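Below: the structure, in structure tokens.
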Amino acid sequence: RDWEKVRGRVKGRSLFRPAYKYAAAISLLLVAAMVLWQYGPINLLGNTQVTTTVIQAPSGSQSYVVLPDSSEVWINAGSKLIFDNQFGISNRKLTLVGEAFFDVEEDEVPFTVFTPDYDVKVLGTAFNIRAYEDDNDVVTTLVRGSLKVNNISTAEGMRSTTLKPGDKLTLLKDTKTARLERGINV
């Protein structure tokens with residue numbers, strides 16, 4: 001009998017009366033509005049907006065760039081590098097149109113250079129790529145380290161090769177032939 005009295009009292013009372021519910025909801029909305037005003041919209045899925053950076057060397061000059069991962073690049077005249085705002089954070093991928101010399105910092109995240117004709121993947125090395133759109137040949141020369149060149153489009157199909165210091169890979173676009181020279185003086 002005593003238990004039923006206590007149960008009746010607890011059942012009859014609401015922990016949050018309607019007025020408190022509305023006050024809590026309004027307070028929560030105000031806090032959310034202040035956070036959005038202060039910090040901007042928050043992406044709940046964790047995706048960030050991707051922005052692209054383009055670095056272009058003017059005709060007749062070279063440009064020197066230190067990338068966000070501390071790798072150094074000397075970009076030749078009329079050439080450009082393209083990479084997104086995640087470069088050096090979640091990836092080390094960039095696109096080269098033209099010619100550039102790279103001195104890449106070692107990192108566990110692979111460094112990849114995409115050209116219109118093939119891709120070059122490295123961990124830590126120094127190399128040159130010449131991949132002008134108007135030239136018939138695409139040339140990659142390795143100074144130190146090692147390179148994995150992927151997606152070489154040849155008459156025999158797609159190929160890959162690994163370069164060692166002193167190696168030079170030349171792809172002739174018109175005939176789709178690739179030539180690897182070893183032990184050249186770089």
Side-chain angles (χ1 to χ4, degrees), residues 47-186:
N47 298 331
T48 57
Q49 183 176 3
V50 176
T51 58
T52 302
T53 299
V54 178
I55 301 171
Q56 186 160 6
S59 295
S61 69
Q62 289 184 331
S63 295
Y64 170 76
V65 177
V66 177
L67 296 173
D69 70 342
S70 298
S71 295
E72 298 175 293
V73 184
W74 289 262
I75 307 168
N76 210 358
S79 301
K80 63 182 170 182
L81 286 179
I82 305 162
F83 55 92
D84 65 32
N85 59 335
Q86 294 300 302
F87 183 91
I89 300 169
S90 64
N91 75 66
R92 297 197 318 159
K93 297 176 182 179
L94 57 82
T95 300
L96 169 68
V97 178
E99 182 176 6
F101 179 83
F102 296 85
D103 194 350
V104 178
E105 288 293 315
E106 287 190 46
D107 193 312
E108 58 194 35
V109 178
F111 188 99
T112 306
V113 180
F114 297 94
T115 73
D117 299 288
Y118 54 68
D119 312 332
V120 177
K121 184 176 180 179
V122 304
L123 287 173
T125 189
F127 61 99
N128 190 79
I129 299 178
R130 188 178 74 227
Y132 289 104
E133 290 179 307
D134 297 339
D135 283 355
N136 182 47
D137 54 343
V138 179
V139 181
T140 300
T141 308
L142 180 61
V143 175
R144 70 171 185 275
S146 67
L147 294 176
K148 176 78 173 173
V149 183
N150 298 310
N151 300 321
I152 306 168
S153 180
T154 67
E156 294 85 33
M158 300 302 273
R159 292 185 39 207
S160 296
T161 190
T162 301
L163 302 184
K164 297 176 180 156
D167 287 357
K168 177 179 174 182
L169 174 68
T170 304
L171 173 67
L172 301 175
K173 293 190 241 181
D174 60 351
T175 60
K176 289 193 168 245
T177 56
R179 181 177 67 241
L180 180 60
E181 300 172 63
R182 299 208 181 262
I184 65 166
N185 187 11
V186 289

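Because the structure is a prediction, the values reported are computed rather than measured.
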Nearest 0.5 angstrom please: Leu94 CG to Thr115 OG1, how far?
11.0 Å
Is there side-chain contact between Asn91 and Asp84, with heavy atoms separated by less than 4.5 Å?
yes
Could you give the distance from CZ (Phe127) to CG (Leu163), rounded to the nearest 0.5 Å?
10.0 Å
Rounded to the nearest 0.5 Å, how far does OG1 of Thr141 lie from CG of Asp167?
9.5 Å
Taking atom types as modelled, find out whether Lys176 and Ser153 have a side-chain donor-acceptor pair closer than 3.5 angstrom.
yes
Pairwise distance CG(Leu142) to CZ(Arg182) - rounded to 0.5 angstrom:
10.0 Å
If I take atom CG from residue Asn128 and atom OG1 from residue Thr140, how far apart are they, to the nearest 0.5 angstrom?
8.0 Å
Under 3.5 Å, sequence neighbours excluded: what are the donor-acceptor pairs made by side chains of residues 61-79?
residue: Ser61; atom: OG; partner: Pro58; partner atom: O; Å: 3.2
residue: Tyr64; atom: OH; partner: Glu72; partner atom: OE2; Å: 2.3
residue: Asp69; atom: OD1; partner: Ser71; partner atom: N; Å: 3.0
residue: Asp69; atom: OD1; partner: Ser71; partner atom: OG; Å: 3.1
residue: Asp69; atom: OD2; partner: Ser71; partner atom: OG; Å: 3.1
residue: Asp69; atom: OD2; partner: Arg92; partner atom: NH1; Å: 2.6
residue: Ser71; atom: OG; partner: Glu105; partner atom: N; Å: 3.0
residue: Asn76; atom: ND2; partner: Glu99; partner atom: OE1; Å: 2.9
residue: Ser79; atom: OG; partner: Asn76; partner atom: O; Å: 3.1
residue: Ser79; atom: OG; partner: Glu99; partner atom: N; Å: 2.7
residue: Ser79; atom: OG; partner: Glu99; partner atom: O; Å: 3.3
residue: Ser79; atom: OG; partner: Tyr132; partner atom: OH; Å: 3.4

Looking at Lys80 and Gly98, would you say the former's side chain and the latter's main chain have a donor-acceptor pair under 3.5 Å?
no
Which atom of Tyr118 lies closest to which atom of Val149, heavy atoms considered
CD1-CG1, 3.4 Å
Might you point out which heavy atoms bring Pro165 and Val143 nearest each other, and give the distance in Å?
CB-O, 3.5 Å
Check for a donor-acceptor pair, side chain of Asp135 on one end and backbone N or O of Val138 on the other, with a separation under 3.5 Å.
no
Tell me whether Lys93 at atom NZ has more than 12 heavy atoms from other residues, nucleotides or ligands lying less than 6.0 Å away.
no
Just wondering, do Phe102 and Val120 contact through their side chains at under 4.5 Å, heavy atoms?
no
More than 12 heavy atoms from other groups under 6.0 Å of CD on Glu133:
no
The reported gap from CG in Asp137 to OG1 in Thr170 (rounded to nearest 0.5 angstrom) is 6.5 Å
Tightest non-hydrogen contact, residues Asn136 and Asp174, listed as OD1-N, 2.8 Å
Are the side chain of Asn151 and the backbone of Asp119 linked by a donor-acceptor contact shorter than 3.5 Å?
no
